[in-house]
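Below is one structure; the comments refer to it alone.
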Number of protein chains: 2
Amino acid sequence: MTQKIDFLSKNQQIVLEIIEKAKEPLKAYSILFSVQKKGIKAPPQVYRALDRLIKLGKIHKIESKNAFVACKNDSCTISNATAFSICDSCEMVTEISNPKLSKYLANFQDKTGMRYNKYNLEFFGLCKKCKK
Amino acid sequence: MTQKIDFLSKNQQIVLEIIEKAKEPLKAYSILFSVQKKGIKAPPQVYRALDRLIKLGKIHKIESKNAFVACKNDSCTISNATAFSICDSCEMVTEISNPKLSKYLANFQDKTGMRYNKYNLEFFGLCKKCKK
DNA sequence: ATAAAATTGTTATATTATAACAATGCGTAA
DNA sequence: TTACGCATTGTTATAATATAACAATTTTAT
């Protein structure tokens, strides 16, 4: 039987918790370091948990940073439509939750007629604090 | 003085040429392998050329694949607004060049009021061939 | 021509991620 | 119950991606 979709294993819970607590996106190996006291010892354990949490939509990967953030959107159970705002200076990352944008992108069609089932958008700039 | 913006060094030309010839996005180490006969021997040489070519807008990095493609848009001299269509099955990648989309994204403002100077968008799905 | 600055070459190593297999747990049919 | 099959977790090793640090060379300004 495949794992129930709403069940998190111990490792998955540990990894999720640390990502949720963090104010910044976390790198896989910094997660590994933090959770070693809890018995997670090796990279594959972290990467497996990350993969699973991504599939469940509990976290997202910031591709340009190879880092992971918790999904702020409670209703997000599958992460097929993501948009982030990233500050080039302080590296702050926030998930953009904008219905117009999601609708626009979900309905976007290019001339090839290819149909998309997933997208990821990353915006870069300076956040208000850093612009001052 | 900093390097003139339209001048490519030998290594940069070699790397650009191989990326332009390729039908698929190329990985850094596959580029390295291909250009070793031309005298490029070590990773930093490839990565420097890639960085420079990206800044010039001659190539783009597909973040979700850690791979590099040539920019198809001749007028692209700075790569601050990119959008790609990626097939999950055959891994084909095409750059989307759609004025409406670029305009929409360039003008996008989220509620924080943060102003963006760059974005990268990656769409995933099945291309026409693979959908059949 | 020569010093300063920038670029390129080279070695080594850091960082990110996965393959491969062993150990463990877990449902289920006999 | 038990033992078989299968999924999950643990472990070791290594692959793949990327950069730091410094030496050699080339370019530029004077």
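Below, read A as the first sequence line, B as the second, and so on, with proteins coming before strands; counting in each chain starts at 1.
- At a threshold of 4.0 angstrom between heavy atoms, the contacts of B/K61 are confined to the sugar-phosphate backbone, with no base atom among them.
- Atom CD of B/E24 and atom CE of B/M92 lie 8.5 Å apart (nearest 0.5 Å).
- With C/dT10, D/dA18, C/dA17 as the choices, the nucleotide that has an atom nearest any side-chain atom of B/A42 turns out to be C/dT10.
- Looking at heavy atoms from C-beta onward, B/I19 lies in side-chain contact with B/L50 at the 4.5 angstrom threshold.
- Using a 4.5 Å heavy-atom cutoff, the side chains of A/N120 and B/F123 are not in contact.
- One atom, CZ of B/R48, and another, C1' of C/dG9, lie 7 Å apart when rounded to the nearest Å.
- Within the 4.0 angstrom heavy-atom criterion, no nucleotide atom of any strand lies near A/K10.
- When distances are taken from the side chain of B/K27 to each of D/dT11, C/dT8, D/dT17, the shortest belongs to D/dT17.
- The base of D/dA15 does not come close enough to the side chain of B/Y29 for any donor and acceptor atom to sit less than 3.5 Å apart.
- Each of A/A28 and B/N11 was matched to the nucleotide of DNA chain C holding its nearest heavy atom; the match closer to the 5' end belongs to B/N11.
- C/dT13 atom P lies 18 Å from atom OH of B/Y47, rounded to whole Å.
- Remark: A/K58 NZ to A/C71 SG distance equals 9.0 Å, nearest 0.5 Å.
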